[in-house]
Amino acid sequence: MKLRNFFIKMHKKNSRNYLSRMKLLKPTIMKNAKKYDFSYWDGKRTEGYGGYKFIEGHWKPLAKKLIKTYKLTNNSTVLDVGSGKGFLLYELKKILPNLKIIGYDISKYAIKNAHPEIKKYLHIIKAQDKYPLKNKSVDLLLSLGTLHNLNIYDLSKAFSEINRVAKKSYIWVESFRNEKELFNLQCWALTCELFFSPDSWKWIFKKFNYTGDYEFIYFD
C-alpha cells in the first residue's frame, strides 16, 4: 500500500470557479449529472466535464508511469473500473499493443462515445457489481475518480471485488486537507457521495482490506 502522485499534476491543469457552480441550481445539476449521459460528459462545463474529448498525448505521461511502476508488458491484463470513454486504456494499448485491456463503466453514453479502437473492450458494469473475472486474473486494476461516487455500503462491495481479482491496484479518490478544500470540493463535486479526509480514507482502506496503491485529489 503506497501513496502515489501520478494524477495530481493533470488535475491542477484545469481552472475551476467553485462559487459560480454553487450559485447555480446545483441540486438539479447533481441529479442530472448522476445519469452520466450527454450533459455530464459533453454538455456545459456547469453540468460536468464540459466536453470530454480525446486529446492526443494527454494521457500518455500517466500511461507511461503506470507501465513503468507496475512493470506492465504485452502479456499483462489491465482493468479500469470507471473507465469512462476509455482514453487511458487507449494510451496504454498504443504503447503495449498486445496488452489485454478491460473497462467497466455505468455510462452507456460514455461507452457509445468511447475511442473507436477500444469500444469492444468496454462493458457496462458497476464498480460494486460482481466482476466476471477469475481471482487474481488482473495484473493491474485502475479506478480513477470513481470510488468516491459510491455509497459506503457499495464501496465495501467494490473493494471486495478489487481485492479478489487484482494482483496490483491503483486508485484515486477526492479528498480534503482543510476546511477550504472541503468547501471547494462541496461546491464543485456533482457525483461525489463520500467526503472523507485522507486519514478517514486510510481507515476505510484498512476496514475494507484494501492494500493497493492510492492517491488523493484535492481542490485547493
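Small disclaimer: the values here were computed from a predicted structure and weren't measured. Numbering starts at 1 and runs along the sequence shown.
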- Note on the structure: Those residues at least two apart in sequence (or on a different chain) that pass side-chain contact (heavy atoms from CB on, under 4.5 Å) with Ser160 are none

- Task: Spell out, as yes or no, whether a donor-acceptor pair under 3.5 Å connects the side chain of Asp213 to the backbone of Leu3.
- Result: no

- Query: Do the side chains of Leu147 and Leu155 get nearer than 4.5 Å, heavy atoms only?
  - Reply: yes

- Item | Heavy-atom closest contact (Leu122 atom, Ala114 atom, distance) | CD1-CB, 3.4 Å

- Task: Would you check if the side chain of Ser39 reaches a backbone N or O of Glu47 as a donor-acceptor pair within less than 3.5 Å?
- Result: no

- Task: To the nearest 0.5 angstrom, please state how far the NZ atom of Lys136 sits from the OG1 atom of Thr77.
- Result: 14.0 Å

- Task: Please report the C-alpha distance between Leu62 and Leu144 in whole Å, then the side-chain angles of each, then the deciding distance to 0.1 Å, and finally whether the side-chain contact (heavy atoms from CB on, under 4.5 Å) criterion is met.
- Result: CA-CA 12 Å; Leu62 177 57; Leu144 313 185; 4.1 Å; yes

- Message: Checking Ile55 now: which residues fulfil side-chain contact (heavy atoms from CB on, under 4.5 Å) with it, not counting sequence neighbours?
- Response: His58

- Message: Using modelled atom types and a 3.5 Å cut-off, is there a donor and acceptor pairing between side-chain atoms of Trp172 and backbone atoms of Tyr214?
- Response: no

- Message: The criterion is salt bridge (charged side-chain N to carboxylate O under 4.0 Å, His left out); which residues satisfy it with Glu161, sequence neighbours excluded?
- Response: Lys130, Arg164

- Task: Locate the shortest heavy-atom distance separating Thr146 from Gly82; write the atom from each residue and the value.
- Result: OG1-CA, 3.4 Å

- Closest non-hydrogen atoms of Leu190 and Ala33, given as atom of the first, atom of the second and distance, are CB-CB, 3.9 Å

- Task: Determine whether Ile152 and Phe196 make a side-chain contact, defined as any pair of heavy atoms from C-beta on separated by less than 4.5 Å.
- Result: yes

- Message: Between Tyr109 and Tyr36, is the side-chain contact (heavy atoms from CB on, under 4.5 Å) condition met? List the steps.
- Response: CA-CA 7 Å; Tyr109 177 85; Tyr36 299 102; over 6 Å; no

- In Å and rounded to the nearest 0.5 Å, what is the CD to OH distance from Gln128 to Tyr153? 9.0 Å

- Item | Close aromatic pair by centroid cut-off 6.0 Å: Phe6 and Tyr170 | yes

- Message: Checking Lys53 now: which residues fulfil salt bridge (charged side-chain N to carboxylate O under 4.0 Å, His left out) with it, not counting sequence neighbours?
- Response: Asp42

- Can the ring centres of Tyr40 and Phe38 be said to be less than 6.0 Å apart? no

- Task: For residues Ala110 and Lys85, report the shortest heavy-atom separation together with the two atoms involved.
- Result: O-CG, 3.6 Å

- Taking only Lys NZ, Arg NE, NH1 and NH2, and the carboxylate oxygens of Asp or Glu, determine whether Glu193 and Lys34 approach each other closer than 4.0 Å. yes

- Query: Can you tell me if Thr69 uses its side chain to pair, donor with acceptor, with the backbone of Leu66 under 3.5 Å?
  - Reply: no

- Item | For Asn113, all residues meeting side-chain hydrogen bond (donor to acceptor under 3.5 Å, both in side chains), sequence neighbours excluded | none

- Taking ring-ring contact (aromatic ring centres under 6.0 Å, His included) as the test, write out the residues that go with Phe87, two or more places apart. Tyr52, Phe54

- Message: I'd like to check the side-chain contact (heavy atoms from CB on, under 4.5 Å) partners of Ser156; sequence neighbours left out, ordered by chain and number.
- Response: Phe208

- Determine, step by step, whether Lys168 and Leu141 satisfy the side-chain contact (heavy atoms from CB on, under 4.5 Å) criterion, reporting the C-alpha distance in whole Å, the side-chain angles of both residues, the deciding distance to 0.1 Å, and the verdict. CA-CA 6 Å; Lys168 296 179 181 179; Leu141 183 146; over 6 Å; no

- Just by distance, do the side chain of Ser143 and the backbone of Val81 share a donor-acceptor pair under 3.5 Å? yes

- Check the side chains of Asp105 and Ser83 for a donor-acceptor pair under 3.5 angstrom, ignoring hydrogens and angles. no

- Query: Do Leu72 and Leu140 have side-chain heavy atoms sitting under 4.5 Å apart?
  - Reply: yes

- Message: Within the supplied structure, the quantity of interest is the number of heavy atoms (other residues, nucleotides, ligands) at a distance under 6.0 Å from Lys126 NZ; does it exceed 12?
- Response: no

Please output the side-chain donor-acceptor pairs of residues 88-101 that fall under 3.5 Å, not counting sequence neighbours, one pair per line with the distance.
| from | atom 1 | to | atom 2 | distance (Å) |
| --- | --- | --- | --- | --- |
| Lys93 | NZ | Pro97 | O | 3.1 |
| Lys93 | NZ | Leu99 | O | 2.6 |
| Lys94 | NZ | Glu56 | OE2 | 2.6 |

- Pairs involving residues 201-211, ordered by first then second residue, that meet side-chain hydrogen bond (donor to acceptor under 3.5 Å, both in side chains) (sequence neighbours left out): Ser169-Tyr210

- Applying salt bridge (charged side-chain N to carboxylate O under 4.0 Å, His left out), name anything that partners Asp37, two or more places apart in sequence or on another chain. none

- Main-chain N/O of Ile125 paired to His123 side chain as donor or acceptor, under 3.5 Å: no

- Message: Tell me if the NZ atom of Lys119 is crowded by more than 12 foreign heavy atoms within 6.0 Å.
- Response: yes

- Tell me, do Ile171 and Phe205 make a side-chain contact under 4.5 Å, heavy atoms counted? yes

- State the CD-CG distance between Glu181 and Asn184, to the nearest 0.5 angstrom. 7.5 Å

- Residue Lys71 excluded, over 12 heavy atoms near NZ under 6.0 Å: no

- Item | Donor-acceptor under 3.5 Å (Asn163 side chain, Phe159 main chain) | yes

- Query: Between Val138 and Leu133, does a side-chain contact (heavy atoms from CB on, under 4.5 Å) hold up when you go through it step by step?
  - Reply: CA-CA 8 Å; Val138 173; Leu133 298 169; 3.9 Å; yes

- Task: Apply ring-ring contact (aromatic ring centres under 6.0 Å, His included) to the pair Phe176 and Tyr218, showing each step before the final yes or no.
- Result: CA-CA 6 Å; Phe176 62 91; Tyr218 306 111; 8.7 Å; no

- Set of residues satisfying ring-ring contact (aromatic ring centres under 6.0 Å, His included) with respect to Tyr131, sequence neighbours excluded: Tyr104

- Which residues pass the salt bridge (charged side-chain N to carboxylate O under 4.0 Å, His left out) test with Lys167, sequence neighbours left out? Asp139

- Item | Minimum side-chain heavy-atom gap Ile124-Lys108 below 4.5 Å | yes

